[in-house]
Amino acid sequence: FDRQVLKRMDVCSAQNIANILWAYGSLGYRPGHRLLDALAEHVLQKLPQFTTQGLTNVLWSFGVFRRIGVDVSSCAPPQWIDAVSAEAHSCMKDYTIQGLANMYWAYASLGHIPSDAHLRALDKELHHRIAKGSENVLPLALGSILWAAAVLNHQLPAPLWSVLEQHSLDCVAHCGSTQVLCNMLWALTLLEKHDSPLMPALWHNIGEQHLKGGKLSTEGLFQIYQCWLLRPTGSAAVLSPALLDTCAQIWR
């Protein structure tokens, strides 16, 4: 399949490239290095032609590739990521909340810390968009933003943290993904938000979902046990003996 895409690369539009990358990322497909190099090169050549959604898909897809074990260091070095980020920066106001969340997630997954100016612009636009209340804020977006902030060691500005915390509190009880809850819990632990009212709500709902048969990934179990070990004295963290034992076995 890689060979067929390579043959047609020169006639692919920016949208075609964004769609190909999105499809590969969504399927968890690992493209060969020759194809990845060609895709990355064509991204740079066609940067001004990408839509905001296309730029998000490009960054998100390379983040997925890295997370599933593909070495993207040669085709997507820091200079490449910065070039795509600069194009994204120029049209920041056109992104959806989920698109902004995907950018945070992509940078964290790529192990790339954007410029201070770009991060500040992301923070500002995200706060404005959430506070405005005109878009639905999904738990997945909230979890992605918090997780990325923790990975990047990025201290979120107080106004942005405030709206993220409130929206997370509003949705945590009906969040259908235990992994999203684990990401939030892990993020708050690393960001040292131990006094947040979100912390006991997360511990409680993770435990409730586990009791109801909610499946936890190996990553989720690692996250829970790490948070348990890092909990401060007097923490409201509560884990059932069964879940604690399962986490401890994975940790070992």
Side-chain angles (χ1 to χ4, degrees), residues 25-30 59-70 97-98 100-112 137-154 156 161 164-232 235-252:
S26 298
L27 293 169
Y29 177 75
R30 302 183 181 197
L59 288 169
W60 177 85
S61 300
F62 277 88
V64 171
F65 297 150
R66 186 170 185 263
R67 280 181 63 82
I68 62 176
V70 178
I97 289 175
Q98 187 62 57
L100 294 170
N102 286 348
M103 271 202 282
Y104 278 101
W105 184 92
Y107 294 137
S109 296
L110 286 165
H112 181 79
V137 188
L138 299 175
L140 177 61
L142 296 166
S144 295
I145 296 161
L146 294 171
W147 177 85
V151 172
L152 296 171
N153 194 25
H154 174 51
L156 298 164
W161 162 246
L164 289 172
E165 181 183 46
Q166 187 55 58
H167 275 76
S168 298
L169 277 167
D170 292 342
C171 77
V172 70
H174 55 265
C175 175
S177 169
T178 310
Q179 185 58 56
V180 168
L181 298 179
C182 290
N183 287 346
M184 289 182 176
L185 180 70
W186 183 83
L188 264 63
T189 299
L190 266 66
L191 293 170
E192 298 185 342
K193 301 289 187 182
H194 301 293
D195 295 331
S196 169
L198 185 54
M199 286 294 268
L202 287 167
W203 282 110
H204 172 77
N205 281 279
I206 288 171
E208 285 291 303
Q209 288 204 15
H210 178 68
L211 286 174
K212 293 175 182 177
K215 292 187 177 180
L216 284 162
S217 65
T218 300
E219 180 185 7
L221 293 168
F222 266 107
Q223 288 172 321
I224 292 170
Y225 199 62
Q226 185 177 7
C227 294
W228 179 260
L229 294 175
L230 294 174
R231 72 194 189 285
S235 166
V238 176
L239 274 184
S240 68
L243 180 52
L244 181 58
D245 183 59
T246 301
C247 291
Q249 289 181 31
I250 294 292
W251 185 269
R252 296 191 196 104

Over all atoms of both residues, closest heavy-atom pair of Ala201 and Leu169: CB-CD2, 4.2 Å
By salt bridge (charged side-chain N to carboxylate O under 4.0 Å, His left out) - contacts of Arg30 (at least two apart): none
CG on Leu152 to CG on Leu190, rounded to 0.5 Å: 12.0 Å
Any Met103 side-chain heavy atom under 4.5 Å of Leu59 side chain: yes
Polar side-chain atom of Thr246 near backbone of Ala242 as donor-acceptor pair, under 3.5 Å: yes
Heavy-atom pair of closest approach, residues Ala150 and Leu191: CA-CD2, 4.0 Å
Heavy-atom closest contact (Pro139 atom, Cys171 atom, distance): CG-SG, 3.8 Å
Interatomic spacing from CD1 in Ile250 to OG1 in Thr218 - rounded to 0.5 Å: 5.0 Å
Geometric class of the Trp228/Trp203 ring pair [parallel <30°, tilted 30-60°, perpendicular >60°]: perpendicular
Partner of Met184 under side-chain contact (heavy atoms from CB on, under 4.5 Å), chosen from Leu164, Leu202, Ile206: Leu202
Gap separating the CG atom of Leu142 from the CD atom of Gln166, nearest 0.5 angstrom: 11.0 Å
Rounded distance (nearest 0.5 Å) linking atom OG of Ser144 with atom CG of Leu138: 10.0 Å
Pairwise distance CG(Leu229) to OG1(Thr189) - rounded to 0.5 angstrom: 10.5 Å
Taking every non-hydrogen atom, the tightest pair across Val64 and Gly25: CG1-O, 3.5 Å
side-chain contact (heavy atoms from CB on, under 4.5 Å) evaluation trace for Ile68 with Tyr29: CA-CA 9 Å; Ile68 62 176; Tyr29 177 75; over 6 Å; no
Glu219 CD: over 12 foreign heavy atoms closer than 6.0 Å: yes
Atom of Trp161, atom of Ser196 and distance for their closest heavy-atom approach: CZ2-OG, 3.8 Å
Steps toward side-chain contact (heavy atoms from CB on, under 4.5 Å) verdict (Thr178, His210): CA-CA 8 Å; Thr178 310; His210 178 68; over 6 Å; no
Selection residues 100-109 - residue pairs positive for side-chain hydrogen bond (donor to acceptor under 3.5 Å, both in side chains), sequence neighbours left out: Ser85-Tyr107, Gln98-Asn102, Tyr104-Asp123, Tyr107-His118
4.5 Å side-chain heavy-atom contact, Gln179 and Gln223: yes
Min side-chain heavy-atom separation Leu198-Leu185 under 4.5 Å: no
Spatial distance of atom CG (Asp245) from atom OH (Tyr225) [nearest 0.5 Å]: 9.0 Å
Whether Gln209 side chain and Cys175 backbone form a donor-acceptor pair below 3.5 Å: yes
Non-hydrogen side-chain atoms of Val172 and His204 separated by less than 4.5 Å: no
Ile224 and Cys182: CA distance, side-chain angles, deciding distance, side-chain contact (heavy atoms from CB on, under 4.5 Å) verdict: CA-CA 7 Å; Ile224 292 170; Cys182 290; 3.8 Å; yes
Where Leu239 and Leu243 come nearest, the two heavy atoms and their spacing: CD2-CD2, 3.5 Å
